[in-house]
There are 2 protein chains.
Amino acid sequence: MDDLAAPPAVDAETALADVPAGHKDELRLWLRLLACTTLIEGCIRRRLREQFDTTLPRFDMLAQLERAPPEGLTLGELSRRMMVSNGNITGLAARLEAEGLVERRAMQGDRRAQMLRLTLRGRREFRRQSAVHEAWVAELFQDLSAADRAALFRLLGRAKASVRAALDREEAP
Amino acid sequence: MDDLAAPPAVDAETALADVPAGHKDELRLWLRLLACTTLIEGCIRRRLREQFDTTLPRFDMLAQLERAPPEGLTLGELSRRMMVSNGNITGLAARLEAEGLVERRAMQGDRRAQMLRLTLRGRREFRRQSAVHEAWVAELFQDLSAADRAALFRLLGRAKASVRAALDREEAP
DNA sequence: CCGCGATGTTTGAAGCCTAAAGCATTCCGG
DNA sequence: CCGGAATGCTTTAGGCTTCAAACATCGCGG
């Protein structure tokens, strides 16, 4: 911190770019993947806060409900789709309900479950946000050629398949 | 949830795979990137908890300190490298210190700052964890060919550059 | 029709994370 | 030397997240 002329931007992935050796290239790949995601996610979170005074989890929940059937989704289904815990959904839904963006409705035939769906206000608000959100993402990737984007998309698909396979092996030995 | 024969694994990325059209392919790319990272991160968090009773942030902090100069790092430098806020570092360092894995040492010449470094126990513990951690990552990517891994690594580098460029444009209009 | 395992949701405790405000110290220009 | 800007860290308030335990209800086998 003292005699380095001009310390350039150093993040976790850059800092770990020169680990000894081994089968460490998988590790480097993971760190770069993580750094990339963190960078984008941080930008989107910040803009959601600055421009819409909201958060990514709130936005995600609205997004799930918007593309759901008109009768809505149960909290459990929402939990699965958002890949977060049940307990998490409870609080998130409560906050969005308090803001008048979603509404609960008892599910007839099963008194345990309840449907959650967008209010009119929620739908309008989400549409307003999502158009801008989509432009942000496009902007962040704009220096990547269409070919690179396509290749990246395809490779990420394979990576995901590899990870899922490993997870399946784990629970079914 | 009732008449679907065998609902396959549905996550955010899969669920949004059929959005209308537009320049939505950037959005799909982002969602896939996010899904991929979330999947891996969740697996690693879970295993860190199950096998070492620790968390990813703790592990990250130890990792940063392990590859730091022997005198350690200041909290501020740690904050920059881990890409998290200052306030976050305070609590994290306090917890690790309470567990005897790191130690603070006043920095001579600047009474504001303090160096944080691994204790002997912290170093041993981290080495134990990191060897296993590296194997986990290799396992998760094992179905990806070396060529695919290399290509993915390269493309992620370009993606990161694109994002950084967009962020630079943002703060210097 | 009764009990009991499965399913849907909530609660509680703990940790992570941020932004913003505050405190202490250092640095620097006048 | 002195005052203010800059820097390093902590605190505070609030939200997100998880796991595990608790509750409520459903569905089914006996």
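To find a chain, count down the sequence lines: A is the first, B the second, and so on, and within it residues start at 1. These numbers were taken from a predicted model, which means no experiment stands behind them.
Taking the centre and axis of the six-membered ring of A:F52, the NZ or CZ atom of A:R128 falls outside the cone set by 45° and 6.0 Å.
For the pair B:T90 and D:dT11, the criterion of a side-chain N or O lying under 4.0 Å from OP1 or OP2 is not met. Phosphate proximity of D:dC26 to A:R111: present, with a side-chain N or O under 4.0 Å from OP1 or OP2.
Of the two residues contacting DNA chain D, namely B:R49 and B:N86, the nearest-nucleotide position lying further toward the 5' end is that of B:N86. Both A:I89 and B:L75 lie near DNA chain D, and the one whose nearest nucleotide falls closer to the 5' end is B:L75.
Residue B:R58 places its side chain closer to C:dC16 than to any other of D:dG8, C:dC16, C:dA6. When distances are taken from the side chain of B:R112 to each of D:dC26, D:dA6, D:dC9, the shortest belongs to D:dA6. Of the listed nucleotides (C:dT18, C:dT25, D:dC9), D:dC9 has the atom at the smallest distance from the side chain of B:A113. The side chain of B:L92 sits closest to C:dC16 out of C:dT7, C:dC16, D:dC16. When distances run from any side-chain atom of B:Q114 to the nucleotides C:dT26, D:dC9, C:dC17, the shortest one goes to D:dC9.
Annotation: side chain of A:D143 is in contact with side chain of B:R169 (closest heavy-atom distance under 4.5 Å).
Linking Ile, Leu, Val, Met, Phe, Trp and Tyr residues whenever their side-chain heavy atoms come within less than 4.5 Å places B:V102 and B:I89 in a single cluster. Residues B:L156 and A:L39 share a hydrophobic cluster, clusters being chains of Ile/Leu/Val/Met/Phe/Trp/Tyr side chains in contact below 4.5 Å.
Dense packing is recorded around CD of A:E71, with more than 12 heavy atoms of other residues, nucleotides or ligands lying under 6.0 Å away. The environment of CD in B:E50 is crowded: more than 12 heavy-atom neighbours from other residues, nucleotides or ligands sit within 6.0 Å.
Remark: B:E66 engages B:R127 in a salt bridge, criterion side-chain N to carboxylate O under 4.0 Å. Remark: A:E103 engages A:R117 in a salt bridge, criterion side-chain N to carboxylate O under 4.0 Å.
Residue A:N88 contributes atom CG, which lies 17 Å from atom P of C:dG12 at whole-angstrom precision. Remark: C1' of D:dT18 and CZ of B:R47 are 18 Å apart, rounded to the nearest angstrom. Atoms CD (A:Q108) and P (D:dC26) sit 13 Å apart, rounded to a whole Å. Rounded to an integer number of Å, the gap from CE of B:M82 to C1' of C:dC16 is 11 Å. Note: CZ (B:R46) to C1' (C:dC16) measures 19 Å, nearest angstrom. Rounded to whole angstrom, the span from the CG atom of A:L56 across to the P atom of D:dT17 amounts to 8 Å. Atom CE in A:M107 sits roughly 19 Å away from atom P in D:dA24 (whole-Å rounding). The interatomic distance linking A:R45 (CZ) with D:dC16 (C1') rounds to 8 Å, in whole Å.
When atom types are taken as modelled, the side chain of A:R123 and the backbone of A:L118 share no donor-acceptor pair closer than 3.5 angstrom.
Annotation: proximity of residues 94-104 of chain A to DNA chain C (heavy atom, distance under 4.0 Å) is found for A:R104, numbered in ascending order.
As judged by a 4.0 angstrom heavy-atom cut-off over every strand, B:D110 is placed among residues touching the sugar-phosphate backbone only. In this structure, A:G87 reaches the bases: a heavy-atom distance under 4.0 Å links it to at least one base atom across the strands shown.
In DNA chain C, stems built from 3 or more consecutive Watson-Crick or G-U wobble pairs, each with both distances under 3.5 Å, span C:1-30 with D:1-30.
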Show me the donor-acceptor pairs, under 3.5 Å and distance only, between side chains in residues 41-48 of chain B and residues at least two apart or in other chains.
unit_1	atom_1	unit_2	atom_2	d
B:E41	OE2	B:R45	NE	3.4
B:E41	OE2	B:R45	NH2	2.7
B:R46	NH1	A:E170	OE2	3.2
B:R46	NH2	A:E170	OE1	3.0
B:R46	NH2	A:E170	OE2	3.4
B:R47	NE	A:E170	OE2	3.1
B:R47	NH1	B:E139	OE1	3.1
B:R47	NH2	A:E170	OE2	3.2

